[in-house]
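Worksheet: one structure, shown below.
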Amino acid sequence: MKLATWNVNSLKVRLPQVVDWLAANPVDVLCLQETKLRDEQFPRDAIAEAGYEAAFAGQPTYNGVAILARRDTVGPPADVVVGNPLFEDPQQRLISATVGGLRVVCAYFPNGQAVGSEKFEYKLRWIDALIEWLKPGIRGTAPSAGGESAGTATPLLALLGDFNIAPEDRDVHDPEKWAGQIHCSDEERARFFQLAGLGLVDTFRLFEQPPRQFSWWDYRMLGFRRNAGLRIDHILVDAPLAPRVRACAIDREPRKLEQPSDHAPVVATLDG
DNA sequence: ATGGCCACCTTGGGTGGA
């Protein structure tokens, strides 16, 4: 089973690239962020033509998330929950569904703009609420399907998305320049490791990786050519799944195309 | 030199991204 996440920075613009990528990389689950589409604009037909069923939550201009599930392997996303029931939020940043026996949470963490700003405070509150919601017993389900339904096995969790957090200095092209800055602050990093504390494992770090592996590069300043990037897109899985993870890699190829997203897809491969 | 690019909504330039 293959799980992937990709911040496409407009699904309208990137749809041909997504369709091509899925043809070359027929993953079972693809989580998308920054679709930037109203729900009525979502390209259901093109996604279906590519062999996938989608659950999505969008809005005009900003944000927007989707979970694509391969029809002939895992079937359509089930028990879809939009947003975090513990955090009222007009911004469409979170969608979750049960796919292939996993509870898949697709997240677009707030950017935060600058440490100390109002948007930064919103980012911290948003993450705190996510952590609360992903605690054992709740685990990304709707409230009614959580702790109250004793005896029902809660599916294991996979949290994929654009976290807008570079967890460690090795995830940053220039740690000195970024020290204490947005995506790298102690407050943000502490929250990333709080998620780990819930029993979620960063699949990328289960493996020896080449140095300077990033998932985002600034459009400006020849960021990609200089590999001046950050690793801020992540795939976390419940610890009991860790022995099943065979690989996790960032696919830089789409970043080389004409009119690319500034993010690259990340793919995790699981046994079974 | 602290910005350079890209997408959106909209046709000029502000907002947001990271």
Side-chain angles (χ1 to χ4, degrees), chain A residues 5-18 21 31-43 56-66 89-94 106-127 130 160-192 204 212-234 250 252 254-266:
Chain A
T5 182
W6 191 5
N7 179 324
V8 289
N9 185 18
S10 167
L11 184 55
K12 183 181 177 183
V13 172
R14 234 65 66 189
L15 179 61
Q17 292 184 21
V18 170
W21 190 83
C31 293
L32 301 176
Q33 301 87 37
E34 287 206 85
T35 55
K36 299 187 177 180
L37 292 173
R38 296 174 174 87
D39 286 345
E40 60 269 26
Q41 299 173 303
F42 193 89
F56 47 87
Q59 67 186 91
T61 312
Y62 303 119
N63 309 308
V65 284
D89 189 1
Q91 303 188 29
Q92 300 286 30
R93 297 181 172 278
L94 202 53
C106 170
Y108 174 46
F109 286 43
N111 172 302
Q113 200 164 58
V115 173
S117 67
E118 270 184 36
K119 285 176 183 169
F120 184 72
E121 296 306 318
Y122 162 71
K123 181 177 192 173
L124 299 184
R125 288 200 318 274
W126 190 95
I127 301 170
L130 177 67
L160 300 86
D162 175 1
F163 286 53
N164 274 318
I165 301 172
E168 300 176 81
D169 280 352
R170 60 179 166 165
D171 302 311
V172 180
H173 70 96
D174 185 346
E176 287 185 19
K177 177 186 162 192
W178 282 86
Q181 300 299 306
I182 195 69
H183 311 302
C184 302
S185 70
D186 291 343
E187 295 99 318
E188 293 160 272
R189 286 178 169 178
R191 281 163 175 80
F192 184 89
F204 189 78
R212 294 174 59 80
Q213 292 290 297
F214 308 124
S215 66
W216 169 86
W217 302 263
D218 203 313
Y219 283 125
R220 300 165 292 187
M221 301 173 287
L222 302 172
F224 184 64
R225 191 182 303 188
R226 297 190 295 121
N227 196 28
L230 303 173
R231 191 176 73 92
I232 55 178
D233 299 270
H234 306 295
I250 298 165
R252 296 163 57 95
R255 191 62 175 79
K256 302 173 183 171
L257 299 172
E258 287 290 313
Q259 209 176 6
S261 168
D262 43 358
H263 295 252
V266 185

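Convention: sequence-line order gives letters A, B, ...; per-chain numbering from 1. These numbers come from a predicted model, not from an experiment.
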Exercise. Please give, in whole Å, the distance from B:dG16 P to A:Q59 CD?
Worked result: 12 Å

For this session: Look at the side chain of A:Y108 and decide which nucleotide, out of B:dA18, B:dA7, B:dC9, has an atom nearest to it.
Result: B:dA18

Problem set entry | Comparing A:K12 and A:W178 on DNA chain B - which has the more 5′ nearest nucleotide | A:K12

Problem set entry | A:D169 and A:R189 ion-paired at < 4.0 Å | yes

For this session: Answer with base, sugar-phosphate or nothing: what part of the nucleic acid does A:N7 contact at a heavy-atom distance below 4.0 Å?
Result: sugar-phosphate

Exercise. Distance under 6.0 Å and angle within 45° of the ring axis: does A:R231 meet both against A:F214?
Worked result: no

For this session: Give one of base, sugar-phosphate or nothing for A:D233, where a contact means two heavy atoms less than 4.0 Å apart.
Result: nothing

Exercise. Reckon A:Q33 has a side-chain N or O less than 4.0 Å from the OP1 or OP2 of B:dG17?
Worked result: no

Exercise. What about A:H183 and A:F163, are their ring centers closer than 6.0 Å?
Worked result: no

For this session: Check each residue of residues 114-124 of chain A for a non-hydrogen atom within less than 4.0 Å of any atom in DNA chain B, then write out the ones that pass by number, or none.
Result: A:K119

Exercise. Of A:S10 and A:N164, whose nearest nucleotide on DNA chain B comes first from the 5' end?
Worked result: A:S10

Exercise. Listed by chain and number, what are the side-chain contact (heavy atoms from CB on, under 4.5 Å) partners of A:Q113, not counting sequence neighbours?
Worked result: A:N111, A:S117, A:K119

For this session: When you get a sec, tell me which of B:dA18, B:dC9, B:dC8 is the closest nucleotide to the side chain of A:E34?
Result: B:dA18

Exercise. Looking only at atom P, what distance separates B:dT15 and B:dG3, rounded to whole Å?
Worked result: 15 Å

Exercise. To the nearest angstrom, how far is A:D262 atom CG from B:dC8 atom P?
Worked result: 12 Å

Problem set entry | Rounded distance in Å between the P positions of B:dG17 and B:dT2 | 23 Å

Exercise. What integer distance in Å separates A:N63:CG from B:dT15:C1'?
Worked result: 13 Å

For this session: Verify side chain to side chain donor-acceptor pair (under 3.5 Å) between A:Y62 and A:Q91, making sure each step is shown before the conclusion.
Result: CA-CA 8 Å; A:Y62 303 119; A:Q91 303 188 29; over 6 Å; no

For this session: Remember a base hit wins even if backbone is also touched, and classify A:R255 as base, sugar-phosphate or nothing at under 4.0 Å, heavy atoms.
Result: nothing

For this session: Using a cut-off of 6.0 Å, state whether more than 12 heavy atoms not belonging to A:E40 lie near its atom CD.
Result: yes

For this session: Tell me whether the OP1 or OP2 atom of B:dC5 has a side-chain N or O from A:N9 closer than 4.0 Å.
Result: no

Problem set entry | Inter-nucleotide C1' distance (B:dC6, B:dA18), Å rounded | 12 Å

Problem set entry | Single hit among A:N164, A:D262, A:N9 for side chain to side chain donor-acceptor pair (under 3.5 Å) with A:W216 | A:D262

For this session: Considering just the side-chain nitrogens and oxygens of A:H183, establish if one lies under 4.0 Å of OP1 or OP2 belonging to B:dG17.
Result: no

Exercise. Given the P atoms of B:dA1 and B:dG13, what is the spacing between them in whole Å?
Worked result: 28 Å

For this session: Test A:Q33 against every option in A:D162, A:N7, A:T5 by the side chain to side chain donor-acceptor pair (under 3.5 Å) rule and name the one that passes.
Result: A:T5

Problem set entry | Contact list for DNA chain B against residues 212-231 of chain A - heavy-atom distance below 4.0 Å | A:W216, A:Y219, A:R220, A:M221, A:L230

For this session: Using atom CZ of A:R38 as one end and atom C1' of B:dC8 as the other, report the distance to the nearest whole Å.
Result: 10 Å

